[in-house]
Amino acid sequence: VSHSQITRLYSRFTSLDKGENGTLSREDFQRIPELAINPLGDRIINAFFPEGEDQVNFRGFMRTLAHFRPIEDNEKSKDQNGPEPLNSRSNKLHFAFRLYDLDKDDKISRDELLQVLRMMVGVNISDEQLGSIADRTIQEADQDGDSAISFAEFVKVLEKVDVEQKMSIRFLH
């Protein structure tokens, strides 16, 4: 991220900081129209806040946003021994997995899948249909027979999905 991009993100951060205290609250994020209308908006907002925290500073804001940065072609050939960037495929998948793993037990249960599906489709589909979708999803993904989706199983299901592009947001144009 270039200096000018950081400056522009800081400007966006301060415009969101209605309390003018150098941190953002959940309410500050809820004022962002794209998050307000996103069915997973609350889950995404929660990802900005470390466990037990109700404020996020600029550094934490940047760290979470980094997961959504598109991967540029020149980044794919970077130093293989260096630290893995936050916007790598693996880190994007971990981030997405945590949106589903509501109880943080490293598995996506049927109930967790149902909750996320309900958030995404609202009242447009009956509970019976949602249950059928959840059951079928777990049946297809669950390889070890524990009736839940582990991170490894989650990765396997998404192996042909272009996560790098689908989980990218161009914040700065």
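Heads up: numbering here begins at 1 and tracks the sequence.
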- Roughly how far, to the nearest 0.5 Å, is CZ of R118 from CG of L113? 10.5 Å
- Query: Quick check: does any side chain N or O of D135 sit under 3.5 Å from a backbone N or O of Q139, one acting as donor and the other as acceptor?
  - Reply: no
- Quick one: are I32 and L16 in side-chain contact, heavy atoms under 4.5 Å? yes
- E153 side chain near D144 side chain, heavy-atom distance below 4.5 Å: yes
- Message: Is any side-chain heavy atom of F151 closer than 4.5 Å to one of L93?
- Response: yes
- Task: Measure the shortest side-chain to side-chain distance between N38 and R43 over non-hydrogen atoms and say whether it is less than 4.5 angstrom.
- Result: no
- Query: Are D111 and S109 linked by a side-chain donor-acceptor pair shorter than 3.5 Å?
  - Reply: no
- Message: I need the D17 CG to F58 CZ distance, nearest 0.5 Å.
- Response: 12.0 Å
- Min side-chain heavy-atom separation T137-R110 under 4.5 Å: no
- For residues A66 and N87, report the shortest heavy-atom separation together with the two atoms involved. O-CB, 3.1 Å
- Task: Considering non-hydrogen atoms only, spot the tightest contact between S147 and D142 and give its length.
- Result: N-OD2, 2.8 Å
- Does the side chain of Q129 come within less than 4.5 Å of V121's, by heavy atoms? no
- Report yes or no: does S132 contribute a side-chain atom to a donor-acceptor pair with the main-chain N or O of E128 at less than 3.5 Å? no
- Quick one: pull up CZ in F49 and OG in S25 and give me the separation to the nearest 0.5 Å. 6.5 Å
- Task: Could you label the plane-to-plane angle of the F48 and F29 rings as parallel, tilted or perpendicular, counting under 30° as parallel and over 60° as perpendicular?
- Result: tilted
- Note on the structure: Closest heavy-atom pair, Q30 versus D42, reported as atoms and distance to 0.1 Å, is NE2-OD1, 3.8 Å
- Message: The test is salt bridge (Lys or Arg N to Asp or Glu O under 4.0 Å); show your working for E27 and K18 and say whether it passes.
- Response: CA-CA 9 Å; E27 293 74 31; K18 298 302 179 200; over 6 Å; no
- Query: Under the criterion side-chain contact (heavy atoms from CB on, under 4.5 Å), which of L24, D28, I45, T23 is the partner of V56?
  - Reply: L24
- Can you tell me how far the CD atom of Q115 sits from the CG atom of D103, to the nearest 0.5 Å? 9.0 Å
- Message: With a 4.5 Å cut-off on side-chain heavy atoms, are F97 and I108 touching?
- Response: yes
- Distance from L35 atom CG to I44 atom CD1, nearest 0.5 Å? 6.0 Å
- Note on the structure: When rounded to the nearest 0.5 Å, the distance separating CD of Q5 from OG1 of T7 is 10.0 Å
- Message: Treating T64 as the side-chain partner and F61 as the backbone partner, does any N or O pair qualify as donor plus acceptor under 3.5 Å?
- Response: no
- Task: List the atom of L102, the atom of E112, and the distance in Å for their closest heavy-atom pair.
- Result: N-OE2, 3.1 Å
- Message: Please determine whether the number of non-hydrogen atoms from other residues, nucleotides or ligands lying under 6.0 Å from atom CD of E159 exceeds 12.
- Response: yes
- Query: Would you say D54 and R26 make side-chain contact, with heavy atoms under 4.5 Å?
  - Reply: yes
- Just by modelled atom types, is the D105 backbone N or O under 3.5 Å from a matching donor or acceptor in the D101 side chain? yes
